[in-house]
Amino acid sequence: MTEPYYITESKRMCKASGMDPNEVSRPKNFLSEVEFAEKRKSYSEILSVVSFFSNKLLNSLKGTPILVVVSDANGYLLEIEGDETIKSTIEQFGIRLSSLFTQEDTGTSVVSLSLQQKHPISLIGEQHYHTFLHNIACYGAAFHYTDDNNLLGSVSIMMPISFQNPLFLTMLTQAVDSIERELLLRKQNKKLNIMNQIMLSRTRNGIVVTDEFGITTEFNDFAQKISNNSRESVIGRNICESSITGDYFKEVLEQGKIFENEEIKFIDNAGNLVVCLFDAQPIYEEEKMIGAFGQFRDISDRYRLQEKYNYLAYHDDLTNLPNRRYINKELAIIIQGLKAGQNRTMALLYMDLDRFKVINDNFGHSYGDELITKVSERLSGCLGEQDVLARMGGDEFIFLLTDFSSPDYPTKKAEEILNLFHEPFQVGKKELHTTASIGVAIYPAYPVSMERFMVYADNAMYQAKSRGKNRYVVHTSELLEDMMDEYSLEIDLRKALDNNEFVLHYQPQIHNQTGKLIGFEALIRWQHPRLGLLPPGKFIKLAEENGLITQIGEWVINEACSQNKKWQDAGMVPVKVAVNLSTQQFLTRNLITFVEEVLERTALDPHYFVVEITEYMAMEYEYSILVLNKLKSLGIGISIDDFGTGYSSLNYLKNFPIDYIKIDKSFISELMNDPNDAIIVNAIITLAHNLHKEVIAEGVETKEQLDFLTNHLCDITQGYFFSKPLPIEEIEEIYLVR
């Protein structure tokens, strides 16, 4: 058989260098003990991989006297395993650990040749240059990092020549392939682990990773900070045992469930409330679940800000009772449920102190405030489990009673309240006597609006006062005449669109820093043929109740866009015009196509059209964000109207494509008198600007209010200080450049 060229060339070089083939050629260079220890340490991971596969090779050839030798890339022997007889034989020739195999020192050897060649080699019998190796068969192969072809070392097997077999070369080749794949995988995993560590340390989220059994394998620095638990105390524990997230992870691991933006609350080791938004999902590898991933986003500060804002917005400063805004919100929610078919009972007890003005005028406001506080404490003592007590302002209180089973519960409660005033109130050093007048309204079997229901209770309270005070009066059908007037108005309302009786008035919106007009809010009016010009408060609620509001809303959109385009064509500096969307209109499926069609037909640039929605509409989160994104894609502006009086959610503000936040006029009206309203307004402005949204203040009537808003960087002002809503003719006279 022809000898491979590289063996022939090696033997030629040995002969040319003067080597005697009959003399043992020993290694001449060795690593010191320290150098050898350092070399093995640097090769520790490589040697562990090579040893794993070489041991598999040895086990598969058990009974065959073979030796496995591992060298580094230079030829230093780092590992010798296998047959002890062969091992002791080669040691006689100076072949031992730390010795260097080079062609110049040891002649034609399997170690030096395998490091030179790019393929596995065999060196059998007389193919060796030295005769003392002629009774040995050797097979060797180099191994590399295959991604960059970086030579790492060689693996060789040696045996008596009688055991030679070409199959050994194949087995060695397969073992080296396995070694190289494993080394590459570990190298890639190291890079991935480094990237993961960078990602986990740089993120502002807490990260938790588990295996398929729920055992925690990763818990990053931010997770430690959020939870006050050390990484060492969490790694290796089953996450399903966690009292905070265990149930979530259990569903992820057992059912493959995905969680997004789950609000979780817990008390950390320092006793602080921590509020997080939590996501969790399974991790898959080739469709097999191999673990779970969870992340926390700490929103504690934002949560506390929202809690403070909500408390200030919905509670009375003097008594800490819920206020008018709170009651209005609760009533709106309950009435919506009743209209949707919920089976609930509800009543209002509207209470006013008798002769309170006399006490205030005679003893001063400090006595009056203390009396109000004492009254609120006494009233709070008679609340049932489902009752809510609120201060409506001044000396007026309201009881909201819900879900009572006995029909006479409201009147018995009214009697109980009146009895509370038999005893005087100790205010300072004085005993003050007062009584109360109470109006009772029980929600009827037919739907009525929140405003109408409040009117029932308010009217009944005034009837109690007119009948001598210190009593209660239940609202009855005595207001039938008013209801008949409403019915008549509804009939007229149905004809109003066909008769073209609606008109729009426009209220200017002024930029606080420049003083320039930047837009109008379009506000509907009804030119009633008999009653004259009616404001929206007289008919909008009625339109909502009878289903006409969507048609009226579409008329407003069409009219506002058409008029704005006419003004621009006539030479007016282009400005935005905003219209209010009703809840029913917002929920209409053809809203997007209708707005798109109007903009196209009127040729109005969408940039100059703004729609205003209320916080209440945003409660249907998934639907709202879908509709708002589609509206935004048309190029129009979006504003949240009456902000602070509805269902506020900082998370919604963050995710909704909103351009403007309008502060409700109820906050502006008391801006200079109520410190809480000033705090709330400033908080809303700061919040909006942090979310990159502009702020519009409505209902501004005084220079003091305007100065406050300007000083606190409110962007836009709207209100009677600048102008009331004006008809088209007056707008054109003032703003149209002719």
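Fair warning: this is a prediction, and the values are worked out from it, not measured in the lab.
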Original post:
Does the Ser300 side chain pair with the main chain of Val275, one donor and one acceptor, at a distance under 3.5 Å?
Top reply: yes
**OP:** Could you tell me which residues satisfy ring-ring contact (aromatic ring centres under 6.0 Å, His included) with Phe259, sequence neighbours excluded, listed by chain and number?
**Re:** Tyr248
Original post:
Does Ile625 offer a backbone N or O that forms a donor-acceptor pair with the side chain of Asn629 under 3.5 Å?
Top reply: yes
**OP:** May I ask you to decide if the ring planes of Phe520 and Tyr735 are parallel, tilted or perpendicular, using 30° and 60° as cut-offs?
**Re:** perpendicular
Subject >> side-chain hydrogen bond (donor to acceptor under 3.5 Å, both in side chains) against Asn690, all qualifying residues, sequence neighbours excluded >> reply: none
**OP:** Indicate the ring-plane relationship of Tyr326 and His315, choosing parallel, tilted or perpendicular according to the 30° and 60° boundaries.
**Re:** tilted
Subject >> Pi-cation contact, Phe667 with Arg325 (under 6.0 Å, within 45°) >> reply: yes
Subject >> Gln513, CD: over 12 other non-hydrogen atoms inside 6.0 angstrom >> reply: yes
Subject >> With sequence neighbours excluded, residues passing side-chain contact (heavy atoms from CB on, under 4.5 Å) with Thr514 >> reply: His511, Lys516
**OP:** Using the test side-chain contact (heavy atoms from CB on, under 4.5 Å), find all partners of His505 that sit at least two apart in sequence or belong to another chain.
**Re:** Val503, Arg525, Leu533, Pro725, Pro727
Original post:
With sequence neighbours excluded, what pairs up with Ile283 under the side-chain contact (heavy atoms from CB on, under 4.5 Å) test?
Top reply: Val209, Ile290, Phe293
Original post:
Considering residues at least two apart in sequence or located in another chain, which fulfil the side-chain hydrogen bond (donor to acceptor under 3.5 Å, both in side chains) criterion with Asp387?
Top reply: Tyr409
Subject >> Partner set under side-chain contact (heavy atoms from CB on, under 4.5 Å) for Asp659, not counting sequence neighbours >> reply: Lys632, Ile638
**OP:** Scan residues 703-715 for pairs that pass salt bridge (charged side-chain N to carboxylate O under 4.0 Å, His left out), counting only residues two or more places apart or in two chains.
**Re:** Lys703-Asp707
Original post:
Can you name the ring-ring contact (aromatic ring centres under 6.0 Å, His included) partners of Tyr506, sequence neighbours left out?
Top reply: Trp567
**OP:** With sequence neighbours excluded, tell me which residues meet side-chain hydrogen bond (donor to acceptor under 3.5 Å, both in side chains) with Asn328.
**Re:** none
**OP:** Could you name each residue pair satisfying side chain to side chain donor-acceptor pair (under 3.5 Å) that touches residues 716-725, not counting sequence neighbours?
**Re:** Gln507-Gln718, Gln509-Gln718, Asn512-Thr717, Glu521-Gln718, Lys662-Gln718
Which side-chain N or O atoms in residues 551-563 pair as donor and acceptor under 3.5 Å with protein atoms at least two apart or in another chain?
residue	atom	partner	partner atom	Å
Asn558	OD1	Arg601	NH1	2.8
Asn558	OD1	Arg601	NH2	2.6
Ser562	OG	Asn558	O	2.8

**OP:** Walk me through it: do Leu517 and Val573 pass the test side chain to side chain contact (heavy atoms under 4.5 Å, CB included)?
**Re:** CA-CA 9 Å; Leu517 173 77; Val573 175; over 6 Å; no
